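Positions are given from 1, in the same order as the sequence printed here. Note that the coordinates shown come from a computational prediction; the quantities given were computed from them, not determined experimentally. Indexing begins at 1, ligand by ligand and atom by atom, following the structure's order.
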Amino acid sequence: MTRETETRLSPADDARAVLARLGVDPARLSGGDRIARSPLDGAEIARLTDTTPAEAEAAIAGAAEAFKAWRLVPAPERGRLVALLGEELRAAKEDLGRLVTLEAGKVPAEGLGEVQEMIDICDFAVGLSRQLHGLTIATERPDHRMMETWHPIGPVGVITAFNFPVAVWSWNAALAFVCGDPVIWKPSEKTLLTALAVTALFEKAARRHGKVPAGLASLLIGGREIGEKLVDDRRVPVISATGSTAMGRKVGPRVAERFGRAILELGGNNAAILQPSADLELALRGIAFAAMGTAGQRCTTLRRLFLHGSIYDGFVTRLKAAYASVKVGDPREAGVLVGPLIDADAARAMDAALEAARAAGGTVHGGEVVEVMGQGQYRRPALVEMPAQADIVRHETFAPILYVLRHDDLAEAIAAQNDVPQGLASSIFTNDLRDAERFLSAAGSDCGIANVNIGPSGAEIGGAFGGEKETGGGREAGSDAWKAYMRRATNTINYGSTLPLAQGVTFDI
Ligand code: NAD
């Protein structure tokens, strides 16, 4: 079937064909009460059955059992499973990317990009499987050696959000598998089909590997209750939870209550500062992608632009033109850059935020309803000139709204940028070395991600990803994020024949 013929299919028929190609058992797609819909037109694609509490219990017990075997498999051999998963993802990239488009509403380039990100983290994790390393540390005692050993920690519970329905699982799972940990996944109830498809691909990889214990990867389908079961279970030492700050506020304390480890990846309120020395052409493209891409539904979406007064009017005129020209519609159609919001609640939140911004003195450009098909919730991205950083600007609205604020001085812009509860992603556009370095310094951006001359969104997997303050403090993906999926043992070995005690303590019996 050609791309054009496929675009003419209803999103539901399109999705069903893709699910069949991806090897999802049709029996899992009918008969239940949980409706899977496409945001493209709001129509039903499938009806899924929720995981029962007894099945969740069995999945957790199965993961605990699988852990006993998997932790003993040499790490490079565990890496071979992730290499096979990467191969399956490469082979299925077109179809899985299309399913992301049909279920999360992303344009194809972004749907495919999300699958590429899964492939990238698999490659990273395979390399990591031969590099899980500890330190050897100087000791004060003669004939002693001190070292750190990293061991598998146990089952990892992964709770994910709708907006990166497949990549976030892989950021966690690829690392967890090579670190020796089973994974229990609770995906967003809005994106269950992509989760079923990823699970089918994992199962293929596991069969090819041949030595994967049953229960190494499992899927819990349901709402917050089933997630809470995972969050409260002591057999799951690590909970990685991605979603809203409201969710993290509930999950964080519950995991802490049982002394579990929480990796929290929560809401952002990302900013860019545009200085007069910047390459304005480059900045325009960077800002447009960061603010309008994924219909404003990335955790790193640019939401606040601090625009220097000396270039304010001219740049706002250019931004308005870019906003007016961007094509909103069925993401499968050529040329469309902005697809639908995930559902009617998201659209209502966007409309309400624009109302609140108007009430706080903002001037709104765009934001209109666009009729595309069925019950799809399409909105033109909105640019909102704000006189000040009002409450609504300090709040994350998960929609394509860019608030523009004027500044005259970099210190003032950095202070305003940091004066929000969230701390995920930030950037500065400047060709002035001093501005760039000040922004990156200890007195600069307080975010987990701080960029120069690129927007705040579009991270690559080699770096650790996450943010501070109400974004939760967790780190995933590259750098040394793997350490969160392992337990550290400090070992001191005495190879002498006396027993000197540390700090000169004597204890002669
Ligand atoms: P959400 O908080 O509504 O849901 C996220 C997940 O948490 C879902 O699977 C949901 O079922 C589950 N959940 C909710 N309450 C729970 C509870 N009490 N116990 C256990 N599980 C619970 O988020 P969403 O609307 O799907 O996603 C959008 C949000 O996610 C935005 O705020 C966005 O910024 C954030 N996000 C953050 C990152 C990051 O890396 N920082 C990445 C993607 C999305």
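- Of all protein heavy atoms, the one lying nearest to atom 24 (P) of ligand 1 is F162 CD2, 3.7 Å.
- For atom 5 (C) of ligand 1, the closest non-hydrogen atom on the protein side is T242 O, 3.5 Å.
- When non-hydrogen atoms are compared, ligand 1 lies under 4.0 Å from the backbone of L266 (N, CA, C, O) but not from its side chain.
- When hydrogens are left out, the protein atom nearest atom 12 (C) of ligand 1 is I159 CG2, 3.6 Å; that is the closest non-hydrogen contact.
- Annotation: F398 places no N or O atom under 3.5 Å from an N or O atom of ligand 1; distance criterion only.
- Protein heavy atom closest to atom 6 (C) of ligand 1, with residue, atom name and distance, is T160 O, 3.3 Å.
- Ligand 1 lies within reach of P187, whose nearest heavy atom is under 4.0 Å from it.
- Looking at Q422, R249, E228, E265 and measuring to atom 18 (N) of ligand 1, the nearest heavy atom belongs to E228.
- Polar contact check, E396 against ligand 1: a nitrogen or oxygen pair lies under 3.5 Å apart.
- Every atom of ligand 1 is numbered from 1 in the order shown, and the set under 4.0 Å from a heavy atom of G227 is 20 (C).
- For atom 27 (O) of ligand 1, the protein comes within 4.0 Å by at least one heavy atom.
- Distance alone, capped at 3.5 Å, is enough to place a donor-acceptor pair between the R380 side chain and the Y323 backbone.
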request  = Could you go through the side-chain hydrogen bond (donor to acceptor under 3.5 Å, both in side chains) check for E103 and T194 one step at a time?
outcome  = CA-CA 7 Å; E103 198 181 34; T194 40; 2.7 Å; yes

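- Judged by distance alone, with hydrogens and angles left aside, the side-chain atoms of R394 form no donor-acceptor pair with the main-chain N or O of Q422 at under 3.5 Å.
- Where the criterion is an N or O separation shorter than 3.5 Å, residue side chain and backbone included, T245 fails it with respect to ligand 1.
- Residue S244 places at least one N or O, backbone or side chain, under 3.5 Å from an N or O of ligand 1.
- For ligand 1, the polar-atom distance check against K190 finds no nitrogen or oxygen pair separated by under 3.5 Å.
- Residues D232 and R258 are not paired through a salt bridge, judged by the lack of any N-O separation under 4.0 Å between the basic side chain and the carboxylate.
- Of the protein's non-hydrogen atoms, the one nearest atom 40 (O) of ligand 1 is F465 CE2, 3.1 Å.
- Distance from atom 36 (N) of ligand 1 to its nearest protein heavy atom, with residue and atom name: C299 CB, 3.5 Å.
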request  = I would like to know whether N172 and V238 meet side-chain contact (heavy atoms from CB on, under 4.5 Å); could you show each step before the answer?
outcome  = CA-CA 11 Å; N172 288 280; V238 180; over 6 Å; no

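- Less than 4.0 angstrom separates some heavy atom of V251 from each of these atoms of ligand 1: 17 (C), 19 (N), 20 (C).
- For the ring pair (Phe, Tyr, Trp, His ring centres under 6.0 Å) criterion with F177, the lone passing option out of F67, F202, Y485 is F202.
- On a distance-only criterion, K186 and ligand 1 share at least one N/O pair closer than 3.5 Å.
- With respect to atom 10 (C) of ligand 1, the closest heavy atom belonging to the protein is E189 OE1, 3.5 Å.
- Distance alone, capped at 3.5 Å, is enough to place a donor-acceptor pair between the Q389 side chain and the A416 backbone.
- The main-chain N or O of A167 is never found under 3.5 Å from a side-chain atom of E117 such that the two would form a donor-acceptor pair.
- The main-chain N or O of T52 is found under 3.5 Å from a side-chain atom of E55 such that the two form a donor-acceptor pair.
- Scanning the protein heavy atoms around atom 43 (C) of ligand 1, the nearest turns out to be N163 OD1, 3.2 Å.
- Between R34 and G223, the closest heavy-atom pair is NH2-N, 3.5 Å.
- Nearest-heavy-atom check against atom 35 (C) of ligand 1 across G267, G243, A161, G268 picks out G243.
- Here the CZ-OG1 distance, from F465 to T300, works out to 5.5 Å after rounding to the nearest 0.5 Å.
- Looking at R254, M247, E476 and measuring to atom 14 (C) of ligand 1, the nearest heavy atom belongs to M247.
- A donor-acceptor pair under 3.5 Å links the side-chain atoms of R16 to the main chain of I45, judged by distance alone.
- Under a 4.0 Å heavy-atom criterion, F164 is not in contact with ligand 1.
- Of the possible donor and acceptor atoms, one in the side chain of S188 sits under 3.5 Å from a partner among the backbone N and O of K190.
- Contact detail for L219 and T51: the closest heavy-atom pair is O-OG1, 3.9 Å.
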